[in-house]
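Shown next, in structure tokens, is the structure this report addresses.
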Amino acid sequence: MENKETNQIFAKGWCFAKIFFMFVIGCVIGTYYEEILNYVRNGVWESRQGIIYGPFNPIYGFGFAGFALLFGKNNDTRPWWKTYIWSCLIGGVAEYSLSWIGEMLFHGNAWDYSNMPLNIGGRTTISFMLFWGLGGLLFMRFIYPLLSKLIEKIPYDVGKILLPILVVFMSLNMFVSYTALFRQAQRLDGKPPITILGEIYDKVYTDEFLGKIYANMHHDQIGENPD
């Protein structure tokens with residue numbers, strides 16, 4: 001009887017379904033957080049999507065999912081200072097790595113902290129790492145338990161159908177988005193498409209189109225004379 005009841009609770013405990021839904025929720029929250037913040041600062045509403053289709057920013061999604069994956073299992077018994085220190089390190093490493101990957105693959109970056117104090121290669125800063133630590137601590141102490149309960153309230157039959165649909169949709173969405181950015185980087189480098197997919201991308205995912213989606217991304221001046 002106990003096993004039957006447990007099976008009828010969607011995403012019970014610490015599992016893939018819960019971590020993936022944390023990822024999706026984080027993607028949405030991160031997008032609107034950055035758009036609202038940009039509007040408050042600059043008075044302009046700009047897209048802060050990280051992928052082409054839908055209000056999703058995977059950087060925040062991976063942050064939510066990463067914290068849930070690493071800290072969710074023993075969240076109730078772990079000392080708060082361990083969560084804080086690990087969150088500082090994980091946030092800094094993730095931000096630095098994503099900045100480096102973006103520069104290497106797409107010849108562009110959405111942030112550059114070179115002019116900020118205590119920056120690390122312009123890709124992250126000590127102050128931001130401390131902020132990541134605080135964010136991770138608050139997330140695991142207050143937000144994660146709340147989201148965990150909300151996710152478990154999804155009707156079992158609905159969640160069972162919704163999970164594979166979202167997994168396929170988000171996977172294809174990220175694949176198309178990042179390959180489109182990769183093709184754009186090649187385009188800026190003066191390289192013609194070598195596949196039919198590249199030709200399609202040049203027609204559908206133009207620089208103008210991608211510029212509206214990734215409004216805050218700055219590209220290197222590839223193949224151009226800086227003068």
Side-chain angles (χ1 to χ4, degrees), residues 19-20 22-24 26-27 29-31 33-35 37-38 46-53 56-71 83-136 139 170-191 194 197-198 201 205 207 209-226:
I19 292 170
F20 180 78
M22 289 281 180
F23 167 76
V24 175
C27 286
I29 290 177
T31 298
Y33 163 74
E34 290 215 352
E35 289 180 348
L37 186 63
N38 181 69
E46 285 184 340
S47 168
R48 286 297 183 266
Q49 294 173 211
I51 49 182
I52 292 173
Y53 299 107
F56 304 110
N57 190 325
I59 292 178
Y60 289 88
F62 283 120
F64 274 47
F67 285 128
L69 177 64
L70 295 172
F71 302 135
T83 299
Y84 178 79
I85 292 175
W86 277 111
S87 297
C88 290
L89 296 174
I90 292 169
V93 169
E95 194 168 36
Y96 188 99
S97 300
L98 289 169
S99 172
W100 182 84
I101 291 171
E103 185 176 320
M104 293 298 104
L105 293 182
F106 311 130
H107 300 302
N109 213 334
W111 63 86
D112 182 3
Y113 305 139
S114 299
N115 296 325
M116 297 185 65
L118 301 178
N119 76 84
I120 303 175
R123 304 187 189 282
T124 188
T125 72
I126 298 298
S127 57
F128 281 177
M129 290 177 66
L130 296 176
F131 179 79
W132 273 104
L134 179 60
F139 176 79
M170 293 299 288
S171 298
L172 290 175
N173 200 354
M174 288 191 288
F175 173 79
V176 170
S177 300
Y178 298 142
T179 51
L181 286 173
F182 182 74
R183 174 58 202 145
Q184 183 186 38
Q186 291 184 315
R187 220 165 36 234
L188 293 174
D189 203 20
K191 297 178 181 178
I194 59 176
L197 186 62
Y201 277 19
Y205 304 116
D207 294 344
F209 175 85
L210 293 176
K212 292 178 181 178
I213 301 295
Y214 303 104
N216 65 328
M217 177 171 282
H218 305 285
H219 292 279
D220 299 332
Q221 299 299 313
I222 307 166
E224 297 181 5
N225 189 330

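For the single chain, residues carry numbers from 1 onward in sequence order.
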- Task: Provide the closest heavy-atom pair for Phe128 versus Tyr113 in the form atom of the first, atom of the second, distance.
- Result: CE1-CZ, 3.3 Å

- Query: What do you reckon, is OH of Tyr33 surrounded by more than 12 foreign heavy atoms closer than 6.0 Å?
  - Reply: no

- Would you indicate whether Phe131, at its atom CZ, is surrounded by more than 12 heavy atoms from other residues, nucleotides or ligands within a distance under 6.0 Å? no

- Query: Of the non-hydrogen atoms in Cys27 and Thr31, which two are nearest, and what is the gap between them?
  - Reply: O-OG1, 2.9 Å

- Closest non-hydrogen atom pair, Met22 against Ala68: CG-CB, 4.1 Å

- Main-chain N/O of Glu95 paired with Ser99 side-chain donor or acceptor, under 3.5 Å: no

- Message: When you measure from the side chain of Gln49 to the backbone of Ile213, do you find a donor-acceptor pair of N or O atoms at a distance under 3.5 Å?
- Response: no

- Note on the structure: Correct closest heavy-atom pair for Ile52 and Ala180 would be CD1-CB, 4.2 Å

- Roughly how far, to the nearest 0.5 Å, is the CZ atom of Arg48 from the CG atom of Leu37? 9.0 Å

- With sequence neighbours excluded, residues passing side-chain contact (heavy atoms from CB on, under 4.5 Å) with Tyr178: Ile51, Pro58, Phe106, Met174, Leu181

- Whether Thr179 side chain and Phe175 backbone form a donor-acceptor pair below 3.5 Å: yes

- Going by the angle between their ring planes, with limits at 30° and 60°, are Trp132 and Phe67 parallel, tilted or perpendicular? tilted

- In this structure, OH of Tyr84 is separated from CG of Leu130 (nearest 0.5 Å) by 4.5 Å

- Whether Asp189 side chain and Lys191 backbone form a donor-acceptor pair below 3.5 Å: no

- Note on the structure: Shortest non-hydrogen pair, Tyr53 vs Asn173, comes out as O-ND2, 2.5 Å

